[in-house]
Chemist: 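I am attaching a structure below and will ask some questions about it afterwards.
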Amino acid sequence: MSTKDIFIEAANQLKLLQLFDFNGNSRVIEPYMIYDSAKGKVCFHCYQWQGYSESGKVEGWKNPEMDSFEYGVIVNRTFTPRKEYNPFNEKMFANVHFAIPTIDGRQRTH
């Protein structure tokens with residue numbers, strides 16, 4: 001299963017996901033959305049709980065490139081979508097491939 005597929009599966013189940021990059025670093029995230037960045041890269045929009053962070057800030061909203069991960073493993077722990085999750089920010093997320101609903105049930109269509 002591709003990293004994209006495992007991200008979508010975890011997101012649809014509202015389960016945490018542990019992602020592993022090609023250097024063996026891992027991070028545990030809440031998966032929210034897949035979108036194209038302004039630079040044309042496919043990125044994950046996620047909230048990181050723990051693990052590796054290039055910026056040094058472990059916890060918080062992250063937008064890593066999808067291709068930077070080798071694989072992912074679904075963690076048997078659910079999450080509730082965060083109130084500040086906003087898939088409707090079309091300036092930042094102009095082209096969305098996948099998005100979970102907001103906490104109040106609103107859904108961004110692709």
Chemist: Does the pair Phe79 and Trp49 meet the rule for a ring pair (Phe, Tyr, Trp, His ring centres under 6.0 Å), with working shown?
Modeler: CA-CA 11 Å; Phe79 70 93; Trp49 278 85; 9.0 Å; no
Chemist: Using the ring pair (Phe, Tyr, Trp, His ring centres under 6.0 Å) rule, take Phe93 and His45 through it: C-alpha gap first, then chi angles, then the decisive distance, then the call.
Modeler: CA-CA 9 Å; Phe93 309 119; His45 182 58; 4.7 Å; yes
Chemist: In terms of ring plane angle, is the pair Trp61 and Tyr47 parallel, tilted or perpendicular, where the classes change at 30° and 60°?
Modeler: perpendicular
Chemist: With the side chain counted from C-beta on, respond yes when Gln48 and Val58 share a heavy-atom pair under 4.5 Å apart, and no when they do not.
Modeler: yes
Chemist: Measure the spacing between NZ of Lys62 and SG of Cys43 and express it to the nearest 0.5 Å.
Modeler: 13.5 Å
Chemist: Using the rule that two of Ile, Leu, Val, Met, Phe, Trp, Tyr join whenever any of their side-chain heavy atoms come within less than 4.5 Å, decide whether Val42 and Met33 are in one cluster.
Modeler: yes
Chemist: Do any pairs count as a salt bridge (charged side-chain N to carboxylate O under 4.0 Å, His left out) and have a residue in residues 18-30, sequence neighbours left out, and if so which ones?
Modeler: Glu30-Arg82
Chemist: Say whether, by atom type as modelled, one donor and one acceptor occur between the side chain of Asn89 and the main chain of Lys91 under 3.5 angstrom.
Modeler: yes
Chemist: What's the spacing between Asn63 CG and Ile34 CD1 if we round to 0.5 Å?
Modeler: 12.5 Å
Chemist: With clusters defined by side-chain heavy atoms of hydrophobic residues (ILVMFWY) lying less than 4.5 Å apart, directly or transitively, does Leu16 cluster with Met1?
Modeler: yes
Chemist: Distance from Tyr71 atom OH to Leu19 atom CG, nearest 0.5 Å?
Modeler: 10.5 Å
Chemist: Mark yes when over 12 heavy atoms from residues, nucleotides or ligands other than Asn76 sit less than 6.0 Å from its CG; otherwise mark no.
Modeler: no
Chemist: Holding to salt bridge (charged side-chain N to carboxylate O under 4.0 Å, His left out), I want the full list of residues that pass it with Arg77, two or more places apart in sequence or in another chain.
Modeler: none
Chemist: Quick one: does any side-chain atom of Glu65 pair with a main-chain N or O of Phe69 as donor and acceptor, under 3.5 Å?
Modeler: no
Chemist: Applying the 4.5 Å side-chain criterion to the ILVMFWY set and letting contacts propagate, would Ile103 and Val96 be lumped into a single cluster?
Modeler: no
Chemist: Give, for atom OG1 of Thr78 and atom CD of Gln13, the distance between the pair rounded to the nearest 0.5 Å.
Modeler: 10.5 Å
Chemist: Under 4.5 Å between side-chain heavy atoms, hopping through other hydrophobics if needed: is there a path connecting Tyr52 to Phe7?
Modeler: no
Chemist: Look up atom CG in Asn95 and atom NE2 in His97, then write down how far apart they are to the nearest 0.5 Å.
Modeler: 5.0 Å
Chemist: Tell me whether Arg108 contacts the main-chain N or O of Phe98 through its side chain, where contact means a donor paired with an acceptor under 3.5 Å.
Modeler: no
Chemist: Identify the two heavy atoms, one from Cys46 and one from Pro64, that lie closest to each other, and give their separation to 0.1 Å.
Modeler: SG-CD, 3.9 Å
Chemist: Counting C-beta onward and ignoring hydrogens, is there a side-chain heavy-atom pair between Ile74 and Ile6 closer than 4.5 Å?
Modeler: yes
Chemist: Working to the nearest 0.5 angstrom, can you tell me the gap between Leu17 CG and Ser26 OG?
Modeler: 10.5 Å
Chemist: Is the backbone of Ile100 close enough, under 3.5 Å, to the side chain of Tyr85 for a donor and an acceptor to pair up by distance?
Modeler: yes
Chemist: What heavy-atom pair brings Thr80 and Tyr32 nearest, and what distance separates the two atoms?
Modeler: O-OH, 4.0 Å
